[in-house]
Q: 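Next up is a structure, given as structure tokens.
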Amino acid sequence: MSNAVAHADAHGHAVHHPKLQHHFDTMQQQKEASTLGMWLFLLTEVLFFGGLFLAYMLYRMWYFDAFAEASRDLDIQLGGFNTVVLILSSLTMALGVRAAQTNERKNTVFWLILTIFLGCVFLGVKYVEYSHKFEVGHVPGPNFHSDSVWAAQQQIFFSLYFTMTGLHALHMIIGVVLMSVITWMAYKGKFDSSYYTPVEMAGLYWHFVDLVWIYLFPLLYLVERHN
Amino acid sequence: MSEHVSPKSVYYSIFGALMVLTAITVFAAYVNLGNFNAPVAIGIATFKATLVVLFFMHVKYSSRLTKLVVATSLFFLFILLAETTMDYATRGLQGMLPPLQ
Amino acid sequence: MLDTLKLPERHYLNNGHGFKSWLLTKDHKRIAIMYLISISVMFLLGGLFAAGVRVELLTPQGDLFLADTYNKFFTMHGVVMVFFFLIPSTPAVLGNFLIPPMIGAKDLAFPRINLLSLYIFWLGAAFFFYALFAGGVDTGWTFYTPFSSFSSNTNVIPTALGAFISGFSSILTGLNFLVTIHRMRAPGLTWFRLPLFVWAHYATSLIQVLGTPVVAITIIMVAVERMFGFGIFDPTRGGDPVLFQHLFWFYSHPAVYIMILPAMGVISEVISTFSRKTIFGYSFVAFSSLAIAVFGFIVWAHHLFVAGISTYSAMVFSFLSFSVAIPSAVKVFNWTATLYKGAISFETPMLYVYGFFGLFLIGGLTGLFLATLGVDIHVHDTYFVVAHFHYIMVGGAIMGYLGGLHFWWPKMTGRMYSEFLSRISAILVFVGFNLTFFPQFILGYMGMPRRYHAYPDEFQVLNVMSSAGAGVLGIGYLLPVIYFLWSLKKGEVAGPNPWGASGMEWQMPSPPPTENFTEQPIVHGEPYEYTPHVAREANLV
């Protein structure tokens with residue numbers, strides 16, 4: 001044989017975990033594959049948001065005063081509140097994964113429902129913020145209105161604001177849907193300490209969405225508040 | 001991702017730290033630190049992010065490969081930001097080169 | 001012994017019949033075949049657009065199309081060929097089919113995500129077809145702003161979204177390959193026993209997951225600018241069109257390495273088989289794949305040399321662009337050393353390898369011309385650039401893809417094609433290709449700009465040569481369709497290893513069963529072991 005391949009005894013179809021997919025050999029291998037897959041997906045998300053952060057970084061350097069003034073128009077209380085809500089949701093998410101790890105079905109469902117609730121609160125606040133922006137004409141484009149001397153460059157700020165927070169909110173919505181599915185599965189008893197990978201993977205995604213906001217909040221809301 | 005189960009106290013502590021850091025971020029924004037406002041804000045955000053990644057996302061207890069994936073994403077993001085900034089930051093540096101004849 | 005070869009009774013192609021068994025399959029091999037059909041259709045479409053371009057350019061005047069129509073032709077040629085043919089090509093067809101057996105696995109890590117990636121590809125193509133039937137798009141495949149984001153009145157958004165969606169197909173394929181190669185190798189298959197084809201796809205997958213998201217967000221930015229009037233790239237509001245170019249090329253330069261690396265993987269496999277020798281400098285070739293992937297990410301602004309970037313950064317990018325040629329050269333040297341004192345032969349896959357050598361060499365070297373700042377000022381946006389990238393993408397990537405298709409066709413279908421016709425086709429492709437694109441180097445150097453439907457009279461002779469060559473090339477590409485299809489019914493039964501090649505994929509029957517291996521293979525030896533015993537087994541002596 002050209003590369004000296006030997007054939008082992010057949011992998012007998014012995015009893016295996018019901019959740020083991022047949023192209024994997026062990027649950028461990030399956031879990032490691034899922035974990036690596038999710039982390040690689042998050043890597044793509046870093047680069048995805050990264051392009052927007054690049055644009056933001058450059059334009060803020062060039063048009064600092066325009067950005068500072070536009071930033072002050074954002075509601076720091078709502079933004080700060082949302083930051084607290086989202087970090088709290090990361091806590092509840094982490095506790096939910098932990099409950100799945102330790103076979104606590106009811107607690108898993110509890111923490112996951114709380115996480116979803118906090119996510120919806122976040123989205124609700126964003127809706128309030130966006131509505132306000134629409135009202136005062138801060139949506140860039142033909143309906144933009146500003147009396148500032150930097151009105152033109154402020155459109156760039158708001159373009160980035162809406163694109164970045166909009167993309168983030170879209171990820172939140174997907175996260176809420178994802179969490180709802182996971183919560184339902186947890187309620188139905190699909191997870192235990194030997195198999196809770198989907199909860200963990202969903203948790204990684206949720207934490208990532210929180211991470212993006214951890215950067216968005218200071219960059220968008222806190223450009224220059226000390227005047 | 002390991003089977004390591006963090007005690008709840010770890011999660012609560014990290015949450016507490018994140019709250020404190022958020023408060024500091026907001027507070028610092030109201031103080032005039034000159035050119036340091038932005039680095040301070042980003043620095044605190046990065047510290048918060050590190051806590052989330054290490055503890056909420058369990059990277060501290062994860063395999064080397066997971067840590068490599070995290071590092072790789074940051075490295076290439078850095079390349080994107082740094083090389084583009086290099087262009088914009090060096091525009092108009094005519095003094096570096098001899099003038100065209 | 002050869003004439004008693006029979007097709008296996010049960011294999012992946014007849015394991016389940018009907019649309020549902022194909023459209024809902026989780027078998028990586030069936031997904032590969034569906035990709036093969038899909039990208040062949042797209043290649044034909046892209047070729048038709050190219051035909052339009054070359055026919056127009058037979059005469060100096062713009063007499064076949066209006067200028068705007070011509071712009072649509074070269075734009076859509078580029079969009080189809082880049083996003084819907086070249087990027088998927090070798091990975092989605094050959095990578096999908098071969099990576100699991102090459103590492104002794106039953107399937108990829110995520111079979112359903114593999115199927116999803118195919119669906120997403122179709123969805124992206126559907127968006128493109130919508131744009132096509134709605135009147136096309138004329139921005140160039142590079143979508144430069146502010147023309148694409150503001151002024152163009154063609155179907156920019158559906159086309160851009162089509163490219164965006166197909167990008168997710170690419171990301172999912174890359175992600176699947178990375179996890180598969182990391183986590184599903186057979187016992188004994190250490191990293192440095194992997195076939196170089198696998199190394200090449202590993203490096204390609206890195207690029208796919210790291211780079212594609214950046215062009216994805218860039219397309220989103222153009223789309224929101226166009227749809228909502230946002231101002232990210234609008235100069236009247238302080239936006240910077242060059243920022244678009246930075247973001248676009250951050251992906252699109254590594255993208256060309258997505259196109260060439262898998263082809264290089266094919267070359268390694270074919271060349272060792274048909275020189276009956278192990279690859280010279282295996283670890284150098286393996287590491288050079290990684291180096292190309294990493295280096296490919298730091299050189300993008302050589303596409304922006306005349307766009308207004310700073311002189312200082314232009315010098316940095318120029319220097320880095322020179323250095324990215326080094327790992328490619330390492331590969332070419334090692335392949336040449338593989339040939340040295342090997343028992344080389346001239347089967348069709350090997351003809352494509354020889355063609356690849358010459359054409360990739362020219363394409364790569366002319367890349368150095370373009371990386372040279374002073375020269376680039378002169379030849380940027382001329383046919384010199386067009387010739388350079390076609391030498392690499394067609395002379396390199398497509399030759400590699402076709403060589404691979406010919407090499408593994410017996411494995412995928414269980415049949416041999418007509419060696420006579422396939423050799424004719426390979427020669428026609430080589431001759432037609434050079435006739436099409438070599439004159440373009442001269443045209444570009446003489447100053448003919450690209451993306452123009454009319455040109456000064458003195459350029460006509462070379463343009464006519466180029467268009468004639470395109471005709472020959474087209475015939476060369478059509479022939480395989482004929483003899484491959486013919487082989488499915490009438491081709492000689494191939495048997496498991498008609499070439500006497502090493503590699504675990506040749507241990508499977510041809511065509512393979514759905515589960516690839518009935519028993520878990522265990523690897524003891526190094527790859528590419530060619531011995532007289534193996535040659536006798538394959539009836540080559």
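This is a predicted model, so every value here is computed, not measured. So you know, we letter chains A, B, ... as the sequences are listed, proteins then strands, and number each from 1.
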Q: Classify the ring geometry between Phe48(A) and Phe168(C) as parallel (under 30°), tilted (30 to 60°) or perpendicular (over 60°).
A: perpendicular
Q: Determine whether more than 12 heavy atoms belonging to other residues, nucleotides or ligands lie under 6.0 Å from atom CZ of Phe192(C).
A: yes
Q: Relative to chain A, which of Leu247(C), Asp107(C), Ile171(C), Leu210(C) shows the most heavy atom pairs under 4.5 Å?
A: Leu210(C)
Q: Considering only heavy atoms, which portion of Phe41(A) lies under 4.5 Å from any heavy atom of chain C: side chain, backbone, both, or neither?
A: both
Q: With distance as the sole test, does Thr44(A) use its side chain to make a donor-acceptor pair with the main-chain N or O of Pro213(C) at under 3.5 Å?
A: no
Q: What distance do Leu243(C) atom CG and Leu54(A) atom CG have between them, rounded to the nearest 0.5 Å?
A: 5.5 Å
Q: Taking CZ in Arg112(C) as the centre, count heavy atoms belonging to other residues, nucleotides or ligands within less than 6.0 Å. Is the count above 12?
A: no
Q: Evaluate Met184(C) against Asp25(A) for side chain to side chain contact (heavy atoms under 4.5 Å, CB included), listing each step before the verdict.
A: CA-CA 9 Å; Met184(C) 296 180 71; Asp25(A) 295 323; over 6 Å; no
Q: Do the side chain of Glu32(A) and the main chain of Arg183(C) share a donor and acceptor less than 3.5 angstrom apart?
A: no
Q: May I ask you to decide if Gly239(C)'s main-chain N or O and Tyr59(A)'s side chain share a donor-acceptor pair within less than 3.5 Å?
A: no
Q: If we define contacts as heavy-atom pairs under 4.5 Å, which of Thr218(C), Val224(C), Asp240(C), Val214(C) has the most with chain A?
A: Asp240(C)
Q: For the CH2 atom on Trp62(A), are there more than 12 heavy atoms of other groups (residues, nucleotides or ligands in this structure) within a distance under 6.0 Å?
A: yes
Q: State, yes or no, whether a side-chain contact exists between Lys106(C) and His22(A) at a heavy-atom distance under 4.5 Å.
A: no
Q: Rounded to the nearest 0.5 Å, what separates atom OG in Ser159(A) from atom CZ in Arg237(C)?
A: 6.0 Å
Q: Any side-chain heavy atom of Ile217(C) within less than 4.5 Å of one from Leu47(A)?
A: no
Q: Just wondering, are more than 12 heavy atoms of other shown residues or ligands nearer than 6.0 Å to NZ in Lys26(C)?
A: no
Q: Name the region of Met221(C), side chain, backbone, both or neither, that has any atom closer than 4.5 Å to a heavy atom of chain A.
A: side chain
Q: Within a 6.0 Å radius of atom NZ on Lys190(A), are there more than 12 heavy atoms belonging to other residues, nucleotides or ligands?
A: no
Q: Does Tyr187(A), at its OH atom, have more than 12 non-hydrogen atoms belonging to other residues, nucleotides or ligands within less than 6.0 Å?
A: no
Q: Which heavy atom of Pro142(A) sits nearest to which heavy atom of Phe228(C), and what is that distance?
A: CD-O, 4.0 Å
Q: For Ala216(C), is it the side chain, the backbone, both, or neither that has a heavy atom closer than 4.5 Å to a heavy atom of chain A?
A: both
Q: Rounded to the nearest 0.5 Å, what separates atom CG in Leu40(A) from atom NE2 in His182(C)?
A: 7.5 Å
Q: Given a strict heavy-atom distance threshold of 4.5 Å, which part of Asn516(C) is in contact with chain A: side chain, backbone, both, or neither?
A: neither
Q: With heavy-atom distances below 4.5 Å as the criterion, would you say the side chains of Ile232(C) and Ile156(A) are in contact?
A: no
Q: How about Phe150(C): does its CZ atom have over 12 heavy atoms from other parts shown lying under 6.0 Å from it?
A: no
Q: Does any heavy atom of chain A fall under 4.5 Å from the side chain of Leu175(C), the backbone, both, or neither of them?
A: both
Q: Contact part of Gln21(A) toward chain C, heavy-atom cut-off under 4.5 Å: side chain, backbone, both or neither?
A: side chain
Q: So do the side chains of Leu178(C) and Leu36(A) get within less than 4.5 Å of each other, counting heavy atoms only?
A: no
Q: Do His23(A) and Leu108(C) have side chains that approach each other closer than 4.5 Å (heavy atoms only, starting at C-beta)?
A: no
